Amino acid sequence: MDNYNFSGKKAIVRVDFNVPLDESFNITDDTRIKSAIPTIKKILKDGGSAIVMSHLGRPKDAFDEKYSLKHILKHFSDLVGQEVMFAKDCLGDETKKQVSNLKKGEVLLLENLRFYKQETTGTEDFARELASYADVYVNDAFGTAHRAHASTTIIAKFFPQDKVFGYLMADEINNIEKVLNKPERPLTAILGGAKVSGKILIIEQLLNKIDNLIIGGGMAYTFAKAQGGNVGSSLVEDDRIETAREVLKQAQEKNVKIYLPTDTIWADSFSNDAGKGVSKIGEIPNGKMGLDIGPDSIEIFKEVIKNSKTILWNGPMGVFEMSNFELGTKSIAEAIVEATKNKTYSLVGGGDSVAAINKYNMATQVSYVSTGGGAMLEYLEGKALPGVEAIKN
Ligand code: AMP
C-alpha cells in the first residue's frame, strides 16, 4: 500500500464486511469494517477512488434482502467520514455507469458478491467483469484469503502489475510470519478447543517451530487417555488416541516441551449449573466430564507463559462460554496480557480464542488479534492461501 500511488486510479478493493447483524439489521460487531478503513483512506488520500466489494452471509446464489450490503452502507459511510455510494448489483450496465462516473476521492460499495454463484465457483468471466472496473486490485480480505473465489483470487490475474495487499491483509501476514519464521524464543503455542482432529495439522506444523506446547480444552482428554488415564465421560476421540501418542513422541524427538493439564474441573453434565469437582486429569470419576483445566494446571501454564518471549494462542482451555468453566481460559488470557506487558509478543487467532479475548475485553492488551478464523488456521497448518499467493505471484 505504502509504495503504491493511487493518484488518478480506480482501485477495486476486496474487503471482508461479513459482519454479524441483529434482526433489525444493526451491526453487532463492526471490527471488520473498521479494519478496512485505513486502506480505503490511503487510496482516497492519494487522489484515487475506491470500488469496494465484499460478501455478507451465505445467500443462495441470488438476491436476498437479508444479505444486502445496503444494511451496512450508513455505518461504512460514517467510518470513512464521507458519503459512500451504493451499486445495487455488483454487475450490470447501471453499475458500470456508476463506476465510470466515479470521481477521485469517491467510494462506491458494490452489492453482495455472493448473489452470484460465480463468486464462490471462482468463474473467470465474473472476475474479468469486476476487474474491468478498475486500474488496480487491492485485497484486504484476510478472512476469505483461504478461498479461491473470483474476487479474492481469480481477479488478481487481470492486474499483473497493479495488485497489492491492503493494510489489514499485510498486517495479518506479517504477524503470523513473525511467529512462524522469526520468533524471539522461547516460542510457546497454546492450543485448546474441542477436538484433536481439528487441530492435528496445526500441531504437526508447529512441532517444527516451537519450544513449548500447552494443550488444553477438550483435546486434552484424548491425550490424557492416551497416557493411560481415566477421563470419565469427557470428550475423547478414541480414533485419535494413537495420534495423540504420536504427537507426544514427535515432540520428544523434536525437543518440544509439552504441557498437558495435570488437573481438571469436572462436571456432572454439560451444563453451567452442573455439579462440579476437581481431580487429577487422569483420575476423573466415571460419568463425570472435564470441562475446564484445574487450578494446578493454571499455575503451571501461567509460569510457562511468563517465561516465553513469543506466544501463539488458539483455542480455549475449557467451555469458556459457561461462567462456571471459564476460569482456565480467562486465567490464560490474563497471563498472556501480563506477559505482553513484559514485552512478550502475543498473537491470538483462529475462532474461539478471539471470542474469549473479546469476552474479557483484553483484545487491545495483546500484541495482535487475527481477524481471520479459517484463514489463520489454514496458514498455521502450513497451507498456501490462494488469496495471498494470487497477489505474491
Ligand atoms: P474449536 O472450535 O475446536 O477451537 O473449539 C472451541 C470449542 O471447544 C468451544 O466452544 C469450547 O466450549 C469447546 N471446549 C473447550 N473445552 C472443552 C471441553 N473440555 N469439553 C467440551 N468442549 C470443550
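Ligands are counted one by one from 1 in listed order, and the atoms in each one are counted from 1 as well. The structure displayed is predicted, hence computed values, not measured ones.
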- Message: Testing the 3.5 Å rule here: is there a donor-acceptor pair between the side chains of R14 and T152?
- Response: no
Polar pairs, ligand 1 vs protein, N/O only, below 3.5 Å.
residue, atom, partner, partner atom, Å
ligand 1, 3 (O), A194, N, 3.2
ligand 1, 4 (O), K199, NZ, 3.0
ligand 1, 5 (O), A194, N, 3.0
ligand 1, 8 (O), A194, N, 3.3
ligand 1, 10 (O), E321, OE2, 2.5
ligand 1, 12 (O), E321, OE1, 2.6
ligand 1, 12 (O), E321, OE2, 3.3
ligand 1, 16 (N), G218, N, 3.2
ligand 1, 19 (N), G290, O, 3.0

- Message: Which residues end up grouped with F301 if you chain together Ile, Leu, Val, Met, Phe, Trp and Tyr wherever their side-chain heavy atoms are less than 4.5 Å apart?
- Response: I190, I214, Y259, I293, I298, I300, V304, I305, I311, W313, M317, F320, L327, I332, I336, V337, V348, V354, I357, Y360, M362, V366, V369
- Message: Here's one to test your reading of the geometry: is the NZ or CZ of K276 within 45 degrees of the ring axis of F325 and under 6.0 Å from its centre?
- Response: yes
Report, one line per pair, each donor and acceptor closer than 3.5 Å where one atom sits in a side chain of residues 43-50; sequence neighbours left out.
residue, atom, partner, partner atom, Å
D46, OD1, K42, NZ, 3.4
D46, OD2, F6, N, 3.0
D46, OD2, K42, NZ, 2.9

- Between Y137 and F159, what is the ring plane arrangement, given parallel below 30°, perpendicular above 60°, and tilted in between? parallel
- Query: Which residue pairs pass the salt bridge (Lys or Arg N to Asp or Glu O under 4.0 Å) test with at least one member in residues 297-312, sequence neighbours excluded?
  - Reply: E299-K302
